[in-house]
2 protein chains.
Amino acid sequence: MPASSKTTQHAAADVFTAIAHPVRRQILDMLVPGEQSVGQLAEPFVESQAMTRPAISQHLAILLESGLVDREKRGREQYYRLRPENLNDLRDWLRHYEHFWSDKLDALGDYLNRLAQEEQTPDET
Amino acid sequence: MPASSKTTQHAAADVFTAIAHPVRRQILDMLVPGEQSVGQLAEPFVESQAMTRPAISQHLAILLESGLVDREKRGREQYYRLRPENLNDLRDWLRHYEHFWSDKLDALGDYLNRLAQEEQTPDET
DNA sequence: AGTATACATTAGCAATTGCTTACGTGTCAA
DNA sequence: TTGACACGTAAGCAATTGCTAATGTATACT
């Protein structure tokens, strides 16, 4: 069969894979306040000699492929912005466990709440 | 310096890494109904020739290290169970984006709700 | 005791990941 | 047009991952 799409160098890049790398998570965090150019995103890494700029470009490509970010070209700069709707996969997956786990921990939660309350209201006898 | 701990063959295994692999997610799903032995967990993979049993053991070791599961030895079987409290890291991280994203999508949500309502209450003029 | 079961652990490997350096392309500025 | 800038992309590489086959180690069974 003919190539259905370009495979730059990596395979698929689902959301789970995309957020597995700490640098990629850090980039996402940097995008919370708003869109950023590649230069802006790369600056702290390059400045601290943690990584070179192309490495950031590659991480951005993976984030792009996962749908967690998109980009817009403006002048000679590329502005990346968050597209967190695509965290839905992750959200749904997580919710599956949340309900299980909140059931299990309800009793413990109640207990801890009682403890905290008793601390706030010192009972003198 | 002396080895602080045993490094079987992998490095750290945080939660993000642990859930990055589809097989590991599938194993977690299998544990939702309750604890399972390694044999039970491995069976569908081995039966379908997708993987051998040691491979499952290795995935379980990573899940164990991440804190997402624990195990209890009973007889000659090891029973693994979910420990989803340790999804807190992930939960907290995700919540960070959720609020950002729900803000952004509120308007759209309202719009869609209005659409749905209008569909249910056909307006004859 | 010996044998089978249920598992972990190891060694070895092919494939993938994550980086760097080098290069290519479009855009602004003089 | 010529050059600098902002970026993507490719080639090459060391390190890691994910598997298998082989081996070790308790536990139960006879």
Side-chain angles (χ1 to χ4, degrees), chain A residues 3 5-14 16-27 30-31 35-66 69-81, chain B residues 3 5-14 16-27 30-31 35-66 69-81:
Chain A
S5 187
K6 66 214 157 196
T7 53
T8 339
Q9 68 176 306
H10 39 269
D14 57 315
F16 293 93
T17 307
I19 65 167
H21 198 290
V23 168
R24 248 124 56 192
R25 265 173 280 150
Q26 203 173 329
I27 291 176
M30 291 188 219
L31 289 175
E35 61 175 14
Q36 305 279 337
S37 71
V38 177
Q40 291 173 322
L41 290 170
E43 195 264 343
F45 297 99
V46 173
E47 206 265 342
S48 69
Q49 310 223 345
M51 283 172 58
T52 61
R53 213 191 39 69
I56 300 297
S57 262
Q58 287 161 7
H59 282 303
L60 286 171
I62 292 174
L63 287 171
L64 200 58
E65 231 190 312
S66 78
V69 304
D70 67 1
R71 65 178 166 191
E72 187 190 341
K73 186 165 189 175
R74 218 145 63 222
R76 52 183 161 181
E77 295 175 342
Q78 296 267 13
Y79 285 92
Y80 282 80
R81 36 172 194 251
Chain B
S5 188
K6 67 217 155 191
T7 53
T8 340
Q9 69 173 309
H10 38 268
D14 57 315
F16 292 93
T17 307
I19 66 167
H21 198 291
V23 168
R24 247 124 57 193
R25 265 173 281 150
Q26 202 174 331
I27 291 176
M30 292 187 218
L31 289 175
E35 61 176 14
Q36 306 279 336
S37 71
V38 177
Q40 291 172 321
L41 290 171
E43 195 264 342
F45 296 99
V46 174
E47 206 265 340
S48 69
Q49 311 223 345
M51 283 172 60
T52 61
R53 214 189 41 66
I56 300 297
S57 262
Q58 287 161 8
H59 282 303
L60 285 171
I62 292 174
L63 287 171
L64 199 58
E65 232 191 313
S66 78
V69 303
D70 67 0
R71 66 178 167 192
E72 187 190 341
K73 186 166 190 172
R74 218 144 65 221
R76 53 184 160 179
E77 294 175 343
Q78 295 269 11
Y79 284 92
Y80 282 80
R81 34 172 197 252

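In this text, all values refer to a predicted model and were calculated from it rather than measured experimentally. Throughout, a chain's letter reflects where its sequence line sits, starting with A, and its residues are numbered from 1.
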Rounding to an integer number of Å, can you tell me how far [X] [atom1] sits from [N] [atom2]?
{"X": "A:Ile27", "N": "D:dC7", "atom1": "CD1", "atom2": "P", "result": "13 Å"}
{"X": "A:His21", "N": "D:dT16", "atom1": "NE2", "atom2": "P", "result": "12 Å"}
{"X": "B:Leu41", "N": "C:dC7", "atom1": "CG", "atom2": "P", "result": "9 Å"}
{"X": "A:Leu60", "N": "D:dT9", "atom1": "CG", "atom2": "P", "result": "11 Å"}
{"X": "B:Glu72", "N": "D:dT27", "atom1": "CD", "atom2": "C1'", "result": "15 Å"}
{"X": "B:Glu65", "N": "C:dT9", "atom1": "CD", "atom2": "P", "result": "11 Å"}
{"X": "A:Ile62", "N": "D:dG8", "atom1": "CD1", "atom2": "P", "result": "13 Å"}
{"X": "A:Arg76", "N": "D:dA6", "atom1": "CZ", "atom2": "C1'", "result": "7 Å"}

Next on the checklist: Is the shortest side-chain heavy-atom distance between A:Val69 and A:Arg81 below 4.5 Å?
Outcome noted: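 No - every pair of side-chain heavy atoms lies 4.5 Å or more apart.
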Can you identify which nucleotide, out of [options], has its nearest atom closest to the [X] side chain?
{"X": "B:Met51", "options": "D:dT20, C:dT27, D:dA28", "result": "D:dT20"}
{"X": "B:Glu77", "options": "D:dC7, D:dT20, C:dC7", "result": "C:dC7"}
{"X": "A:Lys73", "options": "C:dT27, D:dC19, D:dC7", "result": "C:dT27"}
{"X": "A:Pro54", "options": "C:dA4, C:dC19, C:dA22", "result": "C:dA22"}

Next on the checklist: Please classify the nucleic acid contact of B:Phe45 as base, sugar-phosphate, or nothing, using heavy-atom distances under 4.0 Å.
Outcome noted: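 Contact class for B:Phe45: none.
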Next on the checklist: Regarding D:dT27, can its base be found pairing with the side chain of B:Gln78 as donor and acceptor, where the two atoms are less than 3.5 Å apart?
Outcome noted: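 Looking at the base of D:dT27, it does not pair with any donor or acceptor on the side chain of B:Gln78 (distance under 3.5 Å).
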Next on the checklist: Is there, by distance only and without an angle test, a donor paired with an acceptor across the side chain of B:Gln58 and the base of D:dT17 below 3.5 Å?
Outcome noted: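 Answer is no: no donor-acceptor pair is held.
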According to a strict under-4.0 Å criterion, is [X] in side-chain N/O contact with OP1 or OP2 of [N]?
{"X": "B:Arg24", "N": "D:dG18", "answer": "yes"}
{"X": "A:Ser57", "N": "D:dC7", "answer": "no"}
{"X": "A:Tyr80", "N": "D:dG8", "answer": "yes"}
{"X": "B:His59", "N": "D:dT17", "answer": "no"}
{"X": "A:Arg74", "N": "D:dA6", "answer": "no"}

Next on the checklist: With a sphere of 6.0 Å drawn around CD of B:Gln49, does it hold more than 12 non-hydrogen atoms of other residues, nucleotides or ligands?
Outcome noted: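 12 or below, so no.
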Checklist entry - Are A:Arg25 and B:Phe16 in a cation-pi contact, defined as NZ or CZ under 6.0 Å from the six-membered ring centre and within 45° of the axis? => result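 Judged by the rule, A:Arg25 and B:Phe16 form a cation-pi pair.
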Item to check | Nearest-0.5 Å distance that lies between atom CD1 in A:Ile56 and atom CG in A:Leu63 | outcome: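 Here the interatomic distance stands at 10.0 Å.
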Checklist entry - Which sits closer to the 5' end of DNA chain C, A:Gly75 or A:Gln49, going by the nucleotide each is nearest to? => result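 It is A:Gln49, whose closest nucleotide lies nearer the 5' terminus.
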Next on the checklist: I'd like to know if the side chain of A:Gln40 and the backbone of A:Ser37 have a donor-acceptor N/O pair within less than 3.5 Å.
Outcome noted: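 Indeed, once roles are kept as given, a pair shorter than 3.5 Å links the two residues.
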Next on the checklist: Any side-chain to backbone donor/acceptor pair from A:Ser48 onto A:Pro44? Under 3.5 Å, distance only.
Outcome noted: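 Such a contact is found between A:Ser48 side chain and A:Pro44 backbone.
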